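This is a predicted model, so every value here is computed, not measured. Counting from 1, the numbers follow the sequence of the chain as shown.
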Amino acid sequence: MDKSSSLYLEDVNIQGFKSFSELTNMGFQPGIGVIIGNNGVGKSNILDAIVWALGEDDLTRLRCYEKGELFFSGSKNYPPASRIRVELIFKRGKEKKAPEVRLVRDMTKDGQDDYWVKDERLEREEYLQELINLKAPHALKSIIRQEQINDMILLDPWQRFHWVESLLSANGTEDLAQSIQGNIDPLFREYLDFLFPLGEGQLKVLEQNGRKGLEIEVVLPGNRKRKSHQLSGGEKSVTSLALKLAIFEQLDSPFYLLDEVEPSLDYTNHKSMQTLLRTLALKKQLIMITHLRSTIQLANTVHGVRTRWDGSSFMKFYFVMDERLLRLYKCC
């Protein structure tokens, strides 16, 4: 990461949240941190915990139907959690003495919801203001989940424009249209060029009956022009990933959370994605859930999540990646 984006998430401490019955620590570094583990061990719950601690209250974005699902439900060895607590420690630079900010969100089953910054209890509005002070007020939005990677690209142009508008909290449709053409489209083309070297992309703002839409066009090898809904599954994923990353750049988040965004990519696209991830990691911290060795070998840190026999999650191992450890790495 460059010095202009020195803020990074150094530590995450989770207790009682979803599948984490006991206090669990994860330490990260600038660059790329990958979280690995078999299916169903609770990897995605870590990302849920991070966005919850950043103030997310939309249960659908937390993959829940009701608030009680945020609490560890209990097992033979561990009682149900009556309190959940997630601590995020941000640091400005890798130096030992670099200043840090500790944010805590704490909730009880009876509905008490507390926010803390540097051991000082704050009202929610003050807590959110601290995120603004950190220049990370929209960090909870910069997440791409495996099951949602194509959600935006499957919308019609009018719904898609509204989706972007709601994500960016734009100051009117005209300003958003200008931002799409002047800021998002150039980045979309740049990122798509990484992921789809033989293709080209373009964003077009449509207008009809007083409303605006966003059309995505991709030119495939052989000069075959396609709109987003005409693309294959893998082509949709590549195009959607490039567009979402271009939109995230407008949020000015210090990190991106990526949850298994690679599975539908073929070998060529995987190699291209490695180049894109390396480029992104120069200015953003990436926290990624993955099963792929091609992504793991890019990592600065690797975190292995497992489940106990009763289904509760724990951190099995953590290490700073190097070539020796990569050679030893066999599976998730």
Side-chain angles (χ1 to χ4, degrees), residues 60-61 138 141-170 172-251 253 256-277 279-280 286 288:
T60 59
R61 289 179 59 86
H138 303 301
K141 297 180 181 179
S142 56
I143 180 170
I144 304 178
R145 297 188 185 279
Q146 177 188 17
E147 67 273 15
Q148 297 172 336
I149 188 169
N150 289 337
D151 56 0
M152 171 267 300
I153 211 165
L154 296 175
L155 300 174
D156 67 40
W158 321 105
Q159 294 170 320
R160 189 179 300 127
F161 187 92
H162 178 70
W163 184 90
V164 177
E165 184 179 23
S166 63
L167 187 69
L168 296 183
S169 303
T173 57
E174 288 300 331
D175 281 352
L176 179 58
Q178 291 178 18
S179 180
I180 288 173
Q181 298 293 355
N183 302 321
I184 298 175
D185 183 52
L187 274 175
F188 168 64
R189 291 169 182 257
E190 178 185 339
Y191 294 161
L192 193 64
D193 188 53
F194 278 112
L195 294 170
F196 206 172
L198 299 179
E200 296 180 2
Q202 182 181 10
L203 302 180
K204 290 185 175 181
V205 176
L206 311 178
E207 186 154 3
Q208 186 180 84
N209 298 326
R211 61 176 182 162
K212 285 184 167 56
L214 176 60
E215 186 59 90
I216 306 167
E217 290 187 352
V218 177
V219 179
L220 302 172
N223 204 31
R224 295 174 294 140
K225 184 177 287 188
R226 295 286 186 272
K227 294 182 179 178
S228 56
H229 66 275
Q230 298 171 316
L231 299 172
S232 71
E235 291 164 348
K236 281 188 176 76
S237 293
V238 169
T239 304
S240 182
L241 183 61
L243 180 51
K244 286 192 172 186
L245 290 172
I247 293 170
F248 283 0
E249 184 71 20
Q250 317 310 308
L251 295 172
S253 169
Y256 298 155
L257 306 174
L258 306 178
D259 187 354
E260 294 187 51
V261 297
E262 324 100 312
S264 59
L265 306 181
D266 61 24
Y267 175 77
T268 302
N269 289 137
H270 280 309
K271 301 300 287 185
S272 301
M273 187 170 182
Q274 283 185 305
T275 306
L276 173 59
L277 293 175
T279 302
L280 290 173
L286 307 180
M288 305 185 62

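- Glu217 and Lys227 are not joined by a salt bridge, as no carboxylate oxygen comes within less than 4.0 angstrom of a charged side-chain nitrogen.
- Counting all heavy atoms, side chain and backbone alike, Arg160 lies closest to Leu214 at NH1-O, 2.6 Å.
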**Request:** Show the numbers, then the answer: is there a side-chain contact (heavy atoms from CB on, under 4.5 Å) between Phe161 and Leu206?
**Result:** CA-CA 9 Å; Phe161 187 92; Leu206 311 178; over 6 Å; no
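- Side-chain N or O atoms of Ser142 include none that pairs as donor or acceptor with a backbone N or O of Phe248 at under 3.5 Å.
- Remark: Asp185 CG to Lys204 NZ distance equals 10.5 Å, nearest 0.5 Å.
- A salt bridge is absent between Arg189 and Asp193: the closest approach of a Lys/Arg side-chain nitrogen to an acidic carboxylate oxygen does not fall below 4.0 angstrom.
- Within a 6.0 Å sphere centred on CD of Gln250, other residues, nucleotides and ligands contribute more than 12 heavy atoms.
- Between Tyr191 and Thr279 the shortest side-chain heavy-atom distance does not fall below 4.5 Å.
- With a 4.5 Å cut-off on side-chain heavy atoms, Thr239 and Leu243 do not count as touching.
- For the residue pair Ile149 and Val261, the shortest heavy atom distance occurs at CD1-O, 3.6 Å.
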**Message:** Between Glu260 and Glu147, is the side-chain contact (heavy atoms from CB on, under 4.5 Å) condition met? List the steps.
**Reply:** CA-CA 9 Å; Glu260 294 187 51; Glu147 67 273 15; over 6 Å; no
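- You'll find the side chain of Gln202 stays beyond 4.5 Å of the side chain of Glu200, heavy atoms only.
- Glu249 is not listed as a side-chain neighbour of Phe188, based on a closest heavy-atom distance of 4.5 Å or more.
- The CD atom of Gln230 lies 9.0 Å from the NZ atom of Lys236; values are rounded to the nearest 0.5 Å.
- At a threshold of 4.5 Å between non-hydrogen side-chain atoms, the residues Leu258 and Leu277 count as touching.
- Of all heavy-atom pairs between Trp163 and Met152, the closest is CE3-CG, 3.5 Å.
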**Message:** Between Lys244 and Asp151, is the side-chain contact (heavy atoms from CB on, under 4.5 Å) condition met? List the steps.
**Reply:** CA-CA 11 Å; Lys244 286 192 172 186; Asp151 56 0; 2.8 Å; yes
**Item:** side-chain contact (heavy atoms from CB on, under 4.5 Å) assessment of Leu241 paired with Met273
**Value:** CA-CA 10 Å; Leu241 183 61; Met273 187 170 182; 3.6 Å; yes
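- The CD atom of Gln148 lies 10.5 Å from the OG atom of Ser240; values are rounded to the nearest 0.5 Å.
- For the side chain to side chain contact (heavy atoms under 4.5 Å, CB included) with Lys141, the qualifying choice from Leu167, Leu257, Ile247, Leu168 is Leu167, the only one to do so.
- With rounding to the nearest 0.5 Å, the separation of CD1 in Ile216 from CG in Leu203 is 6.5 Å.
- Inter-residue side-chain proximity for Glu215 and Ser228 is flagged as met; some heavy-atom pair is nearer than 4.5 Å.
- In this structure, His162 NE2 and Leu155 CG are separated by 10.0 Å, a value rounded to the nearest 0.5 Å.
- In this structure, Leu280 and Phe194 have side chains that are not in contact, with every pair of non-hydrogen atoms separated by 4.5 Å or more.
- Expressed to the nearest 0.5 Å, how far CD of Glu190 lies from CG of Leu245 amounts to 11.0 Å.
- Taking 4.5 Å as the limit, some side-chain heavy atom of Asn150 sits within range of a side-chain heavy atom of Ser237.
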